[in-house]
There are 2 protein chains.
Amino acid sequence: MHQVDTGTGSKIARARAAAGVLPLDQILRDDCIRAMSQLPDKSIDCIFADPPYNLQLGGDLFRPDGSQVDAVDDDWDKFDSYASYDRFTQAWLAQARRILKDNGTIWVIGSYHNIFRVGSAIQDEGFWILNDIVWRKANPMPNFKGTRFTNAHETLIWASKSEGARYTFNYQAMKALNDELQMRSDWSLPICSGAERLKDDDGAKAHPTQKPEALLYRVLLATTKPGDVVLDPFFGTGTTGAVAKRLGRRWIGIEREPKYIRVARERIAAALPLDESAMTVMPTKRTAPRVPFGAIVEAGILPPGTVLTDAKRRWKASVRADSSLFCESVEGSIHKLGATLQGAPSCNGWTFWHVEHEGRLESIDTLRQQWLAMQPAG
Amino acid sequence: MHQVDTGTGSKIARARAAAGVLPLDQILRDDCIRAMSQLPDKSIDCIFADPPYNLQLGGDLFRPDGSQVDAVDDDWDKFDSYASYDRFTQAWLAQARRILKDNGTIWVIGSYHNIFRVGSAIQDEGFWILNDIVWRKANPMPNFKGTRFTNAHETLIWASKSEGARYTFNYQAMKALNDELQMRSDWSLPICSGAERLKDDDGAKAHPTQKPEALLYRVLLATTKPGDVVLDPFFGTGTTGAVAKRLGRRWIGIEREPKYIRVARERIAAALPLDESAMTVMPTKRTAPRVPFGAIVEAGILPPGTVLTDAKRRWKASVRADSSLFCESVEGSIHKLGATLQGAPSCNGWTFWHVEHEGRLESIDTLRQQWLAMQPAG
DNA sequence: GAGAACAATGAATCGACCC
DNA sequence: CGGGTCGATTCATTGTTCT
């Protein structure tokens with residue numbers, strides 16, 4: 001039997017759960033599968049799950065400046081094999097499915113390490129995938145060794161219990177949140193840092209994978225109603241609980257680590273429910289789109305092989321397939337090469353380089369304007 | 001035996017394939033599994049696959065009892081259907097793996113309908129996922145009913161054949177394409193439309209899921225070298241072939257539908273290869289020729305006794321005749337001493353050490369460039 | 001006190017080559 | 001295979017210290 005960790009009243013809560021009454025707004029200190037197994041059938045409106053990713057990291061990783069990356073090396077993320085991870089996934093999803101209401105939905109977040117296993121298991125359990133959502137990280141950690149693309153996103157799966165289910169989707173709320181445009185399946189949000197990031201007494205991060213509240217805010221606002229019961233079987237430091245409380249949803253958290261529970265309990269106690277009016281607005285920072293010169297080349301506006309020149313035709317350079325320029329034996333980006341040729345510390349390649357067009361020179365910055373005008377909004 | 005569909009010379013090409021010579025720059029009109037099964041082991045540098053996600057196709061080929069399945073079959077529930085799709089996926093991935101070179105990589109694109117099955121199968125076959133890439137569609141089709149988030153992206157998986165493989169990744173080229181910032185795992189590109197979208201004589205789109213050339217452009221530029229052999233087992237109307245030809249890569253396409261083959265062949269014939277100079281990309285510095293520091297000293301560019309310092313002049317070290325450095329009681333190579341002094345695990349001595357030149361500090365890396373420029377070609 | 005410079009850090013499957 | 005050496009490699013944001 002799980003232990004209801006509410007500080008007071010845990011025996012009462014346990015008895016209630018056994019009697020089919022939900023332990024609302026509480027953290028259950030237990031293994032998630034065992035804790036879920038004690039909750040009644042079809043009693044939960046929405047499940048948000050952030051399971052271990054099974055990262056399978058190798059040795060230590062150092063930044064170019066020599067500092068070491070603080071990796072996720074916790075025991076809870078270690079599995080012997082894909083098969084063992086799959087068994088774990090199937091087991092907790094089966095319980096999740098049992099306790100979910102027929103019109104409830106489930107969210108699971110993961111990365112390429114685990115999300116394909118999780119997605120397959122969700123389908124195999126009979127859930128019906130409604131969307132996969134990409135959380136595009138505004139400020140991801142770079143790839144320090146230059147060996148791959150910067151791993152700049154995580155994936156969420158949103159699924160109903162079955163194909164025909166009548167799930168909750170607050171279409172208008174999402175549209176309002178997105179400047180009256182339909183909310184898309186890619187969400188650009190910063191990672192959790194700064195004041196929001198929970199710290200231990202010694203200043204170290206309290207949990208290695210704390211999710212931003214803005215992410216949960218959007219999830220719960222989109223797919224639950226006020227008063228709905230939201231369960232998070234991998235509660236950690238309680239982002240789901242804090243946001244649920246703010247949005248006037250009921251919540252249940254399951255977490256094994258007393259350390260995380262302590263932090264979560266304090267945090268949620270301090271969270272203030274929002275006014276009804278405040279619930280519809282959540283300022284999201286918008287960043288102006290940066291146009292890489294490469295986009296102009298990829299789009300075929302300025303094909304590789306095109307010759308560029310400066311305004312006074314002192315230098316000529318050719319565009320290459322990767323949008324770098326070369327001029328005799330020198331090469332580099334539009335900015336770098338412009339700087340090198342002039343012997344300047346820096347150079348705005350957009351205004352420096354020109355292309356012959358109808359007999360006269362045209363700055364490539366005008367091409368950038370054209371390209372921007374061609375782009376659909378969003 | 002597949003049929004080599006080149007218009008002329010198909011018998012010759014078939015004979016060559018059987019003899020272990022690849023049917024380069026050709027479309028094989030055949031089922032993809034059978035066609036791949038006739039290609040030699042470890043012969044392909046890169047595979048790009050856009051497998052179908054309509055589940056009938058899996059059933060069409062792999063229903064357990066061998067019978068044919070129509071588009072809609074009530075007896076054919078979704079679990080049988082997933083199993084069938086998984087068998088199909090496993091079968092073509094196994095062939096793909098066999099014909100892929102040990103240092104080759106595979107790309108697969110899909111949506112939430114199939115990508116989780118495919119990703120799991122990729123891992124189960126022993127491939128090692130390097131990245132998952134999100135193609136963020138700049139102009140997706142809206143969700144007309146307002147029942148879900150606008151499905152505004154597709155997912156690509158990029159994987160090497162095994163964990164330790166030395167795959168091709170043109171890091172600097174990608175960085176150049178993204179205005180000197182690391183290329184991220186989310187790519188914002190418009191969907192294929194307008195003049196690029198291939199049409200039948202009656203004006204209908206020639207293929208339902210034609211991919212934009214810009215997507216393949218980035219894929220091939222990032223993870224293949226000129227002359228590499230790229231295989232597309234679901235060739236469709238030949239986007240992979242057209243871009244491969246443009247970028248100076250060899251290609252092999254496999255496609256069953258004569259209608260698509262006809263369109264693809266015309267399209268690729270019309271594609272123009274880039275000049276070799278335009279095809280060149282920023283070199284990865286890891287493959288640049290190595291210059292021993294001793295050569296700089298021997299050449300008299302930096303005579304023994306010269307004093308070097310780091311950029312912030314925190315340390316001073318003297319060059320000895322054997323090109324080692326010493327600083328007080330410590331000594332070592334330019335790299336080792338830099339690491340030791342900083343207390344870092346490693347250090348690039350070329351960029352760490354500087355020399356006073358005309359009143360300002362100059363990195364010894366510029367001396368390396370000078371020395372390289374002095375050397376006779378070859 | 002304002003602003004500049006510096007330091008810290010985030011779910012990461014993060015090198016190549018010779019002996 | 002292990003061990004040693006060369007030497008390639010980071011972006012956005014937040015917080016702290018210095019001028």
Engineer: Using only heavy-atom distances, decide whether a donor-acceptor pair under 3.5 angstrom links the side-chain of Arg368(B) to the base of dG7(D).
Structural biologist: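 A donor-acceptor contact between them is absent.
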
Engineer: Pick the P atom in dT13(C) and in dG7(D), then give their distance to the nearest Å.
Structural biologist: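 Rounded to whole Å, the distance is 27 Å.
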
Engineer: Less than 3.5 Å apart, any donor N or O on the side chain of Arg136(B) or Ser188(B) sitting next to an acceptor on the other?
Structural biologist: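 Checked: Arg136(B)/Ser188(B) side chains pair up, N/O donor to acceptor below 3.5 Å.
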
Engineer: Roughly how many Å is it from CD in Glu154(A) to C1' in dG10(C), rounded to a whole number?
Structural biologist: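 Atom CD in Glu154(A) sits about 11 Å away from atom C1' in dG10(C).
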
Engineer: Which residues satisfy the side-chain hydrogen bond (donor to acceptor under 3.5 Å, both in side chains) test with Arg368(A), sequence neighbours excluded?
Structural biologist: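 Here the qualifying residues are Asp365(A).
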
Engineer: Please identify which of these residues, Phe48(B), Phe127(B), Trp187(B), Trp107(B), meets the ring-ring contact (aromatic ring centres under 6.0 Å, His included) condition with Trp158(B).
Structural biologist: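 Among the candidates, only Trp107(B) passes.
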
Engineer: Locate the shortest heavy-atom distance separating Gly253(A) from Phe235(A); write the atom from each residue and the value.
Structural biologist: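 Nearest heavy atoms, Gly253(A) then Phe235(A): CA-CD1, 3.4 Å.
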
Engineer: Asp65(A) CG to dA8(D) P: how many Å, rounded?
Structural biologist: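 Going from Asp65(A) (CG) to dA8(D) (P), I get 17 Å.
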
Engineer: Just to be sure I understand the rule, does Pro292(B) reach a base, reach only the sugar-phosphate, or reach nothing, if contact means heavy atoms closer than 4.0 Å?
Structural biologist: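 Nothing, no heavy atom under 4.0 Å.
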
Engineer: Ignoring hydrogens and angles, answer whether the base of dA8(D) and the side-chain atoms of Thr284(B) contain a donor-acceptor pair closer than 3.5 Å.
Structural biologist: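 Donor-acceptor pair under 3.5 Å: no.
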
Engineer: Side-chain N or O of Asn139(A) less than 4.0 angstrom from OP1 or OP2 on dC11(D)?
Structural biologist: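 Checking Asn139(A) against dC11(D): no side-chain N or O falls below 4.0 Å of OP1 or OP2.
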
Engineer: For a quick check under 3.5 Å, do His113(A) and Ser111(A) share a side-chain donor-acceptor pair by atom type?
Structural biologist: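 Yes.
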
Engineer: So Cys347(B), base contact, sugar-phosphate only, or nothing? Heavy-atom distance under 4.0 Å.
Structural biologist: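 Counting heavy atoms under 4.0 Å across all strands, the contact made by Cys347(B) includes a base.
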
Engineer: What is the glycosidic conformation of dT16(D): syn, defined as within 90° of 0, or anti?
Structural biologist: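 Anti.
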
Engineer: First locate atom CG of Asp31(A), then atom CD1 of Ile254(A), and finally report the distance between them rounded to the nearest 0.5 Å.
Structural biologist: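 Separation between the atoms: 8.5 Å.
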
Engineer: Looking at dT13(C), I'd like to know if its phosphate oxygens (OP1 or OP2) sit under 4.0 Å from a side-chain N or O belonging to Tyr82(A).
Structural biologist: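 Result: no.
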
Engineer: Grab the CG-P distance between Asn114(A) and dA12(C) for me, whole Å please.
Structural biologist: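 It is 13 Å, rounded to the nearest whole Å.
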
Engineer: Just to be sure I understand the rule, does Phe293(B) reach a base, reach only the sugar-phosphate, or reach nothing, if contact means heavy atoms closer than 4.0 Å?
Structural biologist: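 The answer is nothing, as Phe293(B) stays clear of every strand by at least 4.0 Å.
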
Engineer: Represent DNA chain C in dot-bracket notation, 5' to 3'. Only Watson-Crick or G-U wobble pairs with both distances under 3.5 Å count; pseudoknot-style crossings use [ ] and interstrand partners use |.
Structural biologist: .|||||||||....|||||

Engineer: So if I define the base as every atom that isn't primed, P, OP1 or OP2, how would nucleotides 14-19 of chain C read as a B/S/- string at a heavy-atom cutoff under 4.0 Å?
Structural biologist: BSSS--

Engineer: In whole angstroms, how far is the C1' atom of dA12(C) from the CG atom of Asn54(A)?
Structural biologist: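 It is 14 Å, rounded to the nearest whole Å.
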
Engineer: When rounded to the nearest 0.5 angstrom, what distance separates OG in Ser120(B) from CD in Glu125(B)?
Structural biologist: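 Those atoms lie 12.0 Å apart.
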
Engineer: Looking only at side-chain N and O atoms, does Asp132(A) offer a donor or acceptor that is under 3.5 Å from a partner on His153(B)?
Structural biologist: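 Judged by distance alone, the side chains do pair up.
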
Engineer: Taking only side-chain nitrogens and oxygens of Lys175(B), does any of them come within less than 4.0 Å of OP1 or OP2 of dT10(D)?
Structural biologist: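 Yes, because at least one side-chain N or O of Lys175(B) sits under 4.0 Å from OP1 or OP2 of dT10(D).
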
Engineer: Check side-chain hydrogen bond (donor to acceptor under 3.5 Å, both in side chains) between Thr287(B) and all other residues, then give those that pass, not counting sequence neighbours.
Structural biologist: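 So Thr287(B) forms a side-chain hydrogen bond (donor to acceptor under 3.5 Å, both in side chains) with Thr284(B).
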
Engineer: Looking at residues at least two apart in the chain, or sitting in another chain, which of them share a ring pair (Phe, Tyr, Trp, His ring centres under 6.0 Å) with Tyr85(A)?
Structural biologist: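 Result, ring pair (Phe, Tyr, Trp, His ring centres under 6.0 Å) vs Tyr85(A): Phe79(A).
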
Engineer: By nearest atom, which of the nucleotides dG7(D), dA12(C), dC11(D) is closest to the Gln182(B) side chain?
Structural biologist: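 Nearest to the side chain of Gln182(B) among the choices is dC11(D).
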
Engineer: The criterion is side-chain hydrogen bond (donor to acceptor under 3.5 Å, both in side chains); which residues satisfy it with Trp135(B), sequence neighbours excluded?
Structural biologist: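 Here no residue qualifies.
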
Engineer: Pairing donors with acceptors under 3.5 angstrom, does anything connect the side chains of Thr309(B) and Arg313(B)?
Structural biologist: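 Judged by distance alone, the side chains do not pair up.
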
Engineer: Please determine, for the side chain of His113(A), which listed nucleotide (dA12(D), dT9(D), dT13(C)) has the closest atom?
Structural biologist: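 The answer is dT13(C), which lies nearest to the side chain.
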
Engineer: Taking ring pair (Phe, Tyr, Trp, His ring centres under 6.0 Å) as the test, write out the residues that go with Phe62(A), two or more places apart.
Structural biologist: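 Counting only residues at least two positions away or on another chain, Phe62(A) forms no ring pair (Phe, Tyr, Trp, His ring centres under 6.0 Å).
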
Engineer: Heavy atoms within less than 4.0 Å of DNA chain D: which residues of residues 231-244 of chain A have one? Give them sorted by number.
Structural biologist: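 Contacting residues: none.
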
Engineer: Could you tell me the separation between the CZ atom of Phe62(A) and the P atom of dA8(C), rounded to a whole number of Å?
Structural biologist: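 For the pair Phe62(A) CZ and dA8(C) P, the rounded distance is 15 Å.
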
Engineer: Rounded to the nearest 0.5 Å, how far apart are CD of Gln182(B) and CE of Met174(B)?
Structural biologist: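 Separation between the atoms: 12.5 Å.
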
Engineer: Is it the case that the side chain of Asn170(B) and the backbone of Met282(B) share a donor-acceptor pair, with hydrogens and angles ignored and the cut-off at 3.5 Å?
Structural biologist: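 No.
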
Engineer: Short of 4.0 Å, heavy atom to strand atom, which residues of residues 66-78 of chain A count as contacting DNA chain D?
Structural biologist: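 The answer is none.
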
Engineer: Under 4.0 Å from OP1 or OP2 of dT13(C): is there any side-chain N or O of Asn151(A) that close?
Structural biologist: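 Yes, Asn151(A) has a side-chain N/O under 4.0 Å of OP1/OP2 on dT13(C).
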
Engineer: Of all of residues 311-342 of chain B, which get a heavy atom below 4.0 angstrom from DNA chain D, listed by number?
Structural biologist: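 Within this stretch, Ser333(B), His335(B), Lys336(B) sit under 4.0 Å of the strand.
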
Engineer: Round to a whole Å and report the spacing from CD of Gln123(B) to C1' of dT13(C).
Structural biologist: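 Distance check: Gln123(B) CD to dT13(C) C1' gives 10 Å.
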
Engineer: When rounded to the nearest 0.5 angstrom, what is the spacing between CG in Leu189(A) and CD in Glu213(A)?
Structural biologist: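 CD of Glu213(A) is found 12.5 Å from CG of Leu189(A).
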
Engineer: Within the pair Gln172(B) and dT9(D), is there a side-chain N or O less than 4.0 Å away from OP1 or OP2?
Structural biologist: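 Checking Gln172(B) against dT9(D): at least one side-chain N or O falls below 4.0 Å of OP1 or OP2.
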
Engineer: Under a plain distance cut-off of 3.5 Å, with no hydrogens placed, do Lys211(A) and Thr239(A) share a side-chain donor-acceptor pair?
Structural biologist: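 Checked: Thr239(A)/Lys211(A) side chains show no N/O donor-acceptor pair below 3.5 Å.
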
Engineer: Heavy atoms from C-beta onward define the side chain here; which of dA12(C), dA11(C), dA8(D) lies closest to that of Trp350(B)?
Structural biologist: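 Out of dA12(C), dA11(C), dA8(D), the nucleotide with an atom closest to Trp350(B)'s side chain is dA8(D).
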
Engineer: Tell me, please, which residues at least two apart from Phe326(A) pass ring pair (Phe, Tyr, Trp, His ring centres under 6.0 Å).
Structural biologist: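 None.
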
Engineer: When you measure from every atom of DNA chain D, which of residues 194-212 of chain A have a heavy atom less than 4.0 Å away?
Structural biologist: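 Of all residues in residues 194-212 of chain A, the ones placing a heavy atom under 4.0 Å from DNA chain D are Gly194(A), Ala195(A).
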
Engineer: Roughly, in whole Å, what's the span from CD1 in Ile191(A) to C1' in dA12(C)?
Structural biologist: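 It works out to 13 Å between those atoms.
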
Engineer: Rounded to whole angstroms, how far apart are OH on Tyr85(A) and C1' on dA11(C)?
Structural biologist: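 Checked: the OH to C1' distance equals 12 Å.
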
